[in-house]
Amino acid sequence: MNYYVSTAPRPAAPAPDAPVRRGSDAHCVLFCRTMLDTHDPYRPALIDWPVLDEATRHRIVSLPIWDSAVATEGRAGMNVKTYAEGIGEPLLRDAVEMNAFEESRHKIVLADMVKFYGIELATEPAYERPRDPEFAFMRTGYSECIDSFFGFGLFKIAKDSGFFPEELVDTFEPVMREEGRHILFFVNWVAWWRRNMPFWRRPWFELKVLAVWFFLIWERIDMAKGMGANSKAQENNFTLNGSKELGVEVSFPELAAICLAENDRRLAPYDPRLMRPRFVPGAMRLALRLMGRRTVAA
Ligand SMILES: [Fe+2]
Ligand SMILES: [Fe+2]
């Protein structure tokens with residue numbers, strides 16, 4: 001599996017003590033270099049899937065997430081790749097291509113795991129090239145901002161409760177780390193692109209941002225409404241309902257606190273001059289406050 005790399009020399013990341021203004025060239029270099037320089041070149045073909053005892057295997061196989069996980073990664077790969085193809089600036093294109101490569105690799109890791117443990121998948125949907133690559137890139141980016149936030153917390157619960165055996169936790173850790181890098185890259189790209197697009201495009205872009213959020217919120221409300229009505233909706237609703245599936249009863253404030261702490265921990269290693277996703281963590285902190293709870297990570 002290979003990925004596109006431009007032949008242009010890559011500009012060096014700004015010095016660690018240099019100020020980086022949001023929207024500046026240095027900002028773009030910093031978030032692109034962070035994506036490229038922290039890439040983990042593991043090869044899915046070399047993953048040695050741990051042999052699990054039958055009870056553990058059955059628990060993993062029964063999780064109602066695998067169809068939607070494979071489809072989400074497949075769509076993400078297509079959306080990000082299509083957007084990358086239209087970028088003229090070599091460093092930014094390399095970084096977005098890397099993002100696309102990693103999404104496709106996630107899909108291979110999952111498909112490999114599914115095969116190894118004998119998980120039966122529904123027929124995979126066809127991944128069509130999006131008509132508006134920028135909108136598709138934003139749909140994937142904002143969707144990852146929501147799903148990774150809850151995914152980080154659920155992964156921690158699955159790990160601590162022993163639901164996921166340690167060997168499997170180790171195997172999926174690079175995937176979780178990559179999703180953290182992706183949302184970090186995405187929110188910085190949004191901030192940078194907002195300040196660098198021609199001014200006449202800005203209103204249209206903001207409308208697209210709104211449309212993406214409406215779409216994602218509507219999609220999740222629709223899933224919540226369909227909960228229990230059919231297995232597909234249940235499956236898509238896993239990020240909202242996941243702790244029960246993991247056999248652990250966690251209240252909403254507890255889950256929100258775990259997700260917030262994990263989100264902060266996973267994004268902590270990266271350059272402090274880069275922006276962090278704010279919307280979902282902010283909404284969770286607000287929800288906790290409204291529920292009269294004090295957050296663990298204010
Ligand atoms: Fe992914
Ligand atoms: Fe991702």
Side-chain angles (χ1 to χ4, degrees), residues 1 3-4 31-32 34-44 47 63 65-85 87 92-114 119 121 124-125 127 130 133-155 158 164 168-190 212 216 219-220 235-236 238-239 242 259 262-263 266-267 269-270 274-277 279-281:
M1 221 187 149
Y3 48 90
Y4 168 92
F31 66 76
C32 290
T34 301
M35 170 66 102
L36 294 163
D37 297 347
T38 56
H39 171 67
D40 177 351
Y42 68 85
R43 304 247 309 270
I47 293 177
L63 277 178
I65 58 172
W66 305 118
D67 286 326
S68 108
V70 171
T72 302
E73 298 294 355
R75 199 184 320 112
M78 173 60 85
N79 287 352
V80 179
K81 174 103 189 115
T82 312
Y83 183 64
E85 285 165 7
I87 299 174
L92 183 61
R93 176 158 180 186
D94 280 356
V96 180
E97 290 275 359
M98 178 65 81
N99 187 343
F101 166 78
E102 290 177 357
E103 296 302 358
S104 308
R105 192 170 57 173
H106 292 170
K107 187 168 170 287
I108 293 176
V109 170
L110 276 170
D112 209 41
M113 178 194 151
V114 157
I119 298 169
L121 287 187
E124 227 181 307
Y127 306 111
E134 185 184 69
F135 185 86
F137 181 58
M138 287 158 67
R139 179 188 159 184
T140 287
Y142 282 124
S143 172
E144 288 198 336
C145 287
I146 301 174
D147 295 338
S148 298
F149 178 81
F150 290 103
F152 293 159
L154 292 171
F155 189 68
F164 269 6
L168 218 49
V169 169
D170 293 346
T171 313
F172 272 105
E173 178 55 32
V175 173
M176 302 305 285
R177 205 177 308 130
E178 274 159 6
E179 294 303 3
R181 287 166 54 252
H182 294 171
I183 58 177
L184 184 78
F185 177 80
F186 178 73
V187 295
N188 280 278
W189 169 81
V190 170
V212 170
L216 293 174
E219 193 179 51
R220 277 149 187 79
E235 179 174 301
N236 288 336
F238 184 76
T239 48
C259 292
E262 276 299 284
N263 185 63
R266 287 198 174 271
L267 295 174
Y270 304 104
L274 290 174
M275 293 170 64
R276 269 49 180 175
F279 186 76
V280 182

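Order of listing sets the numbers, starting from 1, for every ligand and every atom in it.
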**Request:** Validate the cation-pi geometry between R105 and Y42: distance from NZ or CZ to the six-membered ring centre under 6.0 Å, angle to the ring axis within 45°.
**Result:** yes
**Item:** Sphere of radius 2.8 Å around the Fe ion (ligand 2) - protein N, O or S atoms inside
**Value:** E103 OE2, E144 OE1, E144 OE2, E179 OE1, H182 ND1
**Request:** Let me see the working for M176 and E262 under side-chain contact (heavy atoms from CB on, under 4.5 Å), right down to the final yes or no.
**Result:** CA-CA 11 Å; M176 302 305 285; E262 276 299 284; over 6 Å; no
Just so I know, are the side chains of [X] and [Y] near enough to count as touching, which here means a heavy-atom distance under 4.5 Å?
X    : Y    : result
N263 : F150 : no
C145 : F186 : yes
L184 : N188 : yes

**Residues forming a side-chain hydrogen bond (donor to acceptor under 3.5 Å, both in side chains) with R93, sequence neighbours excluded** = E97
